[in-house]
Amino acid sequence: MSAFSAIGEDREIDREEFTPTLEPQATWCPGCGDFGVLKALKQAMPEVGRNPDEVLLVTGIGCSGKLNSYFESYGYHSIHGRSLPIARAAKLANPDLEVIAAGGDGDGYGIGGNHFMHTARENHDMTYIVFNNEIFGLTKGQTSPTSPKGHKSKTQPHGSAKDPIRPLSLALTSGASYVARTAAVNPNQAKEILVEAMQHDGFAHIDFLTQCPTWNKDARQYVPYTDINDSEDYDFDPTNREDAQEMASEAERSLYEGEVLTGRFYVDSERPSYQEEKQAIGEMPEQPLAERYFDDDYEWERSHDLLLDRHK
Amino acid sequence: MTDHELMWRIAGGSGDGIASTSQNFAKALMRAGLHVFTHRHYPSRIRGGHTYTEVRAKTEPVRSRGDGFNCLLALGDSFARNPQEDAYYGDEEIKPLSENLDELNEGGIIVYDTGLLDSADIPNFEERVEENDWHVYPLNLREIARDHGREVMRNTAGVGATAALLGIDLEYFEELMAESMPEDILEPNKEILHYTHDKVIEEFEFTHDLRVPEGSHDEEQVLLSGSDTIAYGAIDEGCRFIAGYPMTPWTEVFTIMSQALPELGGVSEQVEDEIAAAALALGASHAGVKAMSGSSGGGFALMSEPLGLAEMSETPVVLVEAMRAGPSTGLPTKPEQADLEHVLYTSQGDSNRVVLAPGTVAEAYEQSRLAFQLAYGYNIPVVLLYDQKLGGELMNVPASHFDREPNPDLGAVTTEEELEEAPHGPGGKFHRYRYDAEDGVSPRSIPGQKGGHFLVTGNEHNQAGHIEEDPTNRVTQMERRMSKLDGIREFLDEQDTQTYMGPEEADYGLITFGSQQGTVAEAVDRLNGAGHSVKGIGVSDMMPYPEAEMTEFLESVDEALVVEMNASGQFRGLTQKELGRFGDKLSSLLKYNGEPFEPAEIVTGFEASIEGQDVPDQQTTYVPAAGD
Ligand SMILES: Cc1ncc(C[n+]2csc(CCOP(=O)(O)OP(=O)(O)O)c2C)c(N)n1
Ligand code: SF4
């Protein structure tokens, strides 16, 4: 029997299992978009068929990082910008886990930008949710990498002189095999995309538009939005990289002009995940590494055998 | 020193194969029954420049580099011959011969490659040879190599020549070459080896009398570096995950592990930076695998935040810190012991970690194993602190030393059965961080275990792992985490991790940590031989500090000299801070020029210190006790 019997358990999963039985004190402001992500995520879980004991949710720091206070599962609320390296190692240690990483736009595109690029490049089989509210929430409203050019804040009183980052394009060029944008105001689409992302075998990046009514009052609430996959106006093939790139640039430009385009921008189901690549070249065992520590019959190799070979 | 020990130095340009040649030379002598020890010196550049390695060999165990050396093989810097127009290479062409003469002992031997080096370029060469009674054997090694194979095989020609002069059986070199070389280069190398050997015997009249003695080992020996033993200790302790980013000298451990782990069904990851590297180690460890990461000073600085997270979240992890001379990028390829305070106190908040500093190649194996036992047994980060010297030096160790059972035990982890019984809070939540944990160690569950999910956070948290700022909870959790160090100190006391040197009773003490232990041990013997009354201690527990043992040691001597490779006396400072006294008993002998101590420097430094004088050698510094 597996040491991890929660994994692969065959039963109906109820979304309420993901609600903490003992409500932690609310730290999100009323009307915060983060509630939308939480709701969609809880709704997605029964469809993905994973129970709280087989899900590892790794977050960074920020209001977004509080997600796992409200979401019942194995959780790792880590440090600012570092959710991805923690999450991807956990996946390598035990590929049977459902690994989700989450954080804000400052967390993911600012301080953690380097990790974002590399995790996408490696195409780890995991889901990455970025709560994009175009502002630093937890530190009280400073300009973030997705704040529009000219955005004024206490630390940028003359307005930002920087162009905002292009997260969808960045994910695409870095090598993410699934790229989507959704919005907290659209829980149905958000849920669908989350389900797809978790079922996707590779790095799934979701730029999740969330409103911050406390610090970003000027920001559009991301309504009305257009679902590019349903709209007649946008006839494109998300499995085609060039189409996707064009669509992503369009969405990134139009967001700051008041047109919110959401949906799947890119889906590549052919590309092997990092784990598959590593296993193919003999750099990762087929059996989850973590299982081995609970396997009493496993014969652990000793350095002594290597030693006599190489150092005599 | 005496003639019965060989201190052979091979010098040339980086990239000329000095390291591999000296490694084989040391191995050959080990197979010939001798005890060996190597000391490396290299500049921070890839090709060219002056580099050397010393191999010290004798019939008794060798613990340290010697004082100077007695046989020089100067191969020349082949890269100095192709200067690029835009680069200035200075007079590197003659460095392998000129730079090494100052430390060549009286009566020593010089073999040099006339194909690359011209003794006429060395100021006063003839006079110095005469004055020092050196025995010079010039040979055109470059030409020999070219005529019988390829020019790059100059090393083999040089080995053949010194083997002839020292009376070492060629069979040992042939064997080693056969083990490592493909057929097409093996044959010409063998030919060159024999040709040079025979030529030297035929053409020269030997005026020196240094010969390599016959030796024999009671049991099978292996030749290993500190980097090897750290890696092998980790492997035997069940570490199967490593993440890193290259930085000298940590790269050695990283490389050894990266080559070994896939063979052992483990995983190695070279990642984007050191923050990621440490974070990956935490992620893998959290998911139930024994994991390590590491770096050198600058890279370890980046790991500061993940290190703090490991402390707060009680995620077990082993981080290796390979010191080189700092600050900043410092002297990239030279040893120093100046990151001690960095690893003790880096990262915010009250330090709650273990820091171990192995003193010898063999000890690094034990300490590496111990690091994992403590990390996983106590759910705490452990830093294994060593330096470029220990990482890179080779020593023979009996193979049986490593013949031990593997220990993949994950330590303080619950099973699913235990989880059913484990305390759960309201709503059935598993209490990962229970207040009443024995020795402060509250067992964790592993993601995927049924009924075990909990929240890890770097914020202060309650028993279930939820963020909690209540003052009583804060104090309780803080005290529990800190209390683990008491248990660890007791555990380490039982392991007897400190190394005692010299007689049990003595008037004076020599205190050191890390890589200087072997050199201090040799100095203690010499001092006692010269009529002084000295004992020594090599400390390997930096945090928690071995209070009881050190108090006893310091109470038993009148005065003590702390020997360390840094400019500020960090270990002396730690000792005073931890013990809260002895300021008037402790003085310092410091060296921070990028080279480790030679035993004689410690002997001289000690003698000067007891007489209250300045040390004569400009490369070492004496700092008197605070009471002086
Ligand atoms: C290394 C480090 N730098 C800075 C901070 C302070 N900090 C906490 S949250 C945050 C910004 C969060 O913004 P974002 O990621 O957009 O998330 P939000 O709060 O908007 O959800 C910052 C700068 C920190 N915790 N750690
Ligand atoms: S500050 Fe903004 S992002 Fe943070 S909880 Fe409040 S509304 Fe949400």
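Chain letters run A, B, ... following the sequence lines, proteins first and then strands; every chain starts at 1.
Between chain A and the residues B/Gly452, B/Ala287, B/Gly458, B/Gly308, the largest count of heavy-atom pairs under 4.5 Å involves B/Gly452. Ranked by non-hydrogen atom pairs under 4.5 Å with chain B, the options A/Lys278, A/Met284, A/His115 are led by A/His115. Ranked by heavy-atom pairs under 4.5 Å with chain A, the first of B/Ser445, B/Ala281, B/Gly465 is B/Ser445. Ranked by heavy-atom pairs shorter than 4.5 Å toward chain A, the options B/Asp403, B/Ile275, B/Val222 are led by B/Asp403. Looking only at heavy-atom pairs under 4.5 Å with chain A, the residue among B/His401, B/His461, B/Arg404, B/Met30 that has the most is B/Arg404. Of the listed residues (A/Pro52, A/Ser73, A/Gly65), the one with the most heavy-atom contacts under 4.5 Å to chain B is A/Ser73. Ranked by non-hydrogen atom pairs under 4.5 Å with chain B, the options A/Asn94, A/Ile7, A/Leu289, A/Leu57 are led by A/Leu289. Among A/Arg121, A/His118, A/Glu54, the residue making the largest number of heavy-atom pairs under 4.5 Å with chain B is A/His118. Looking only at heavy-atom pairs under 4.5 Å with chain A, the residue among B/Ala284, B/Ala278, B/Pro262 that has the most is B/Ala284. No other option in B/Leu394, B/Asp273, B/Thr415 has as many heavy-atom pairs under 4.5 Å with chain A as B/Asp273.
Of the two parts of B/Met312, neither the backbone nor the side chain holds a non-hydrogen atom closer than 4.5 Å to a non-hydrogen atom of chain A. For B/Ile467, the part sitting under 4.5 Å from any heavy atom of chain A is the side chain, from C-beta outward, and nothing else. In this structure, no portion of A/Glu286 lies under 4.5 Å from any heavy atom of chain B. Both the backbone and the side chain of B/Leu455 come within less than 4.5 Å of a heavy atom in chain A. Of the two parts of B/Arg31, only the side chain, counted from C-beta on, holds a non-hydrogen atom closer than 4.5 Å to a non-hydrogen atom of chain A. With a 4.5 Å cut-off on non-hydrogen atoms, A/Tyr274 touches chain B through its side chain but not through its backbone. Neither the backbone nor the side chain of A/Lys91 has a heavy atom closer than 4.5 Å to any heavy atom of chain B. With a 4.5 angstrom heavy-atom cutoff, B/Ile446 touches chain A via backbone and side-chain atoms both. In this structure, the portion of B/Thr315 lying under 4.5 Å from any heavy atom of chain A is its side chain and not its backbone. Contact annotation for A/Leu97: only side-chain heavy atoms (C-beta onward) come within less than 4.5 Å of a heavy atom of chain B. Interface remark: B/Lys429 contributes side-chain atoms only to the contact with chain A (heavy atom separation under 4.5 Å). Contact of A/Gln287 with chain B is not made at all, since no heavy-atom distance falls under 4.5 Å. B/Gln221 touches chain A through its backbone: at least one of N, CA, C or O sits under 4.5 Å from a heavy atom, while the side chain does not. Residue contact with chain A, scored on non-hydrogen atoms closer than 4.5 Å, is absent for B/Phe430. Residue B/Asp409 does not touch chain A at all, counting heavy-atom pairs closer than 4.5 Å.
Heavy-atom neighbours of A/Glu12 CD from other residues, nucleotides or ligands within 6.0 Å: at or below the threshold of 12. Atom CZ of A/Arg50 is surrounded by more than 12 heavy atoms from other residues, nucleotides or ligands within 6.0 Å.
Of residues 78-90 of chain A, those residues lying under 4.5 Å from chain B by any heavy-atom pair are A/Ser78, A/Ile79, A/Arg82, A/Pro85, A/Ile86, A/Arg88, A/Ala89, A/Ala90. Close approach to chain B, defined as a heavy atom under 4.5 Å from one of its heavy atoms, is seen in A/Tyr298, A/Trp300, A/Glu301, A/Arg302, A/Ser303, A/His304, A/Leu306, A/Leu307, A/Leu308, A/Arg310, A/His311, A/Lys312 of residues 297-312 of chain A, taken by number.
For the atom pair OH (B/Tyr232) and CZ (B/Arg369), the distance works out to 14.5 Å, reported to the nearest 0.5 Å. One finds the CG atom of A/Leu194 at 5.0 Å from the CE atom of A/Met198 (value rounded to the nearest 0.5 Å). Here CG of B/Leu309 is found 10.0 Å from CG of B/Asn459. Values are rounded to the nearest 0.5 Å. Going from atom CD of B/Glu366 over to atom CG of B/Asp236 covers 11.0 Å, rounded to the nearest 0.5 Å. Put simply, CD on B/Gln449 and OG on A/Ser5 are 8.5 Å apart, with the number rounded to the nearest 0.5 Å. Between A/Ser144 atom OG and A/Asp107 atom CG the span is 11.0 Å, to the nearest 0.5 Å.
Proximity of B/Pro447 to A/Val55: side-chain heavy atoms (C-beta onward) are nowhere separated by under 4.5 Å. In this structure, A/Glu9 and A/Asp53 have side chains that are not in contact, with every pair of non-hydrogen atoms separated by 4.5 Å or more. Between A/Lys42 and A/Tyr70, the closest side-chain pair of non-hydrogen atoms is not below 4.5 Å. Two residues are said to be in side-chain contact when any heavy atoms from C-beta on lie closer than 4.5 Å; B/Met303 and B/Ser295 meet this criterion.
Using cut-offs of 30° and 60° for the angle between ring planes, the B/Tyr365 and B/Phe402 rings count as perpendicular. Ring orientation note: the planes of A/His205 and A/Tyr128 are tilted relative to one another, at an angle of 30° to 60°. Between B/His286 and B/Phe454, the ring planes lie perpendicular to each other; the angle is over 60°, past the 30° to 60° tilted range. Between A/Tyr74 and B/His453, the ring-plane angle classifies as perpendicular under the 30° and 60° cut-offs.
At least one cation-pi condition fails for B/Lys290 and A/Tyr293: the charged atom is not both under 6.0 angstrom from the six-membered ring centre and inside a 45 degree cone around its axis.
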Next on the checklist: Test side chain to side chain contact (heavy atoms under 4.5 Å, CB included) on B/Arg240 and B/Leu261; report intermediate values, then the result.
Outcome noted: CA-CA 6 Å; B/Arg240 290 295 181 273; B/Leu261 282 188; 4.0 Å; yes
Checklist entry - Could you go step by step and tell me if A/Phe18 and A/Gln43 meet the side chain to side chain contact (heavy atoms under 4.5 Å, CB included) rule? => result CA-CA 9 Å; A/Phe18 294 89; A/Gln43 274 173 344; over 6 Å; no
Checklist entry - Please walk me through it: do B/Gln373 and B/Glu237 pass side chain to side chain contact (heavy atoms under 4.5 Å, CB included)? => result CA-CA 8 Å; B/Gln373 284 164 27; B/Glu237 214 48 42; 3.1 Å; yes
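With no hydrogens or angles considered, a side-chain donor-acceptor pair links A/Glu122 and A/His124 at under 3.5 Å. Neither side chain, B/Gln23 nor B/Ser20, offers a donor N or O lying under 3.5 Å from an acceptor on the other.
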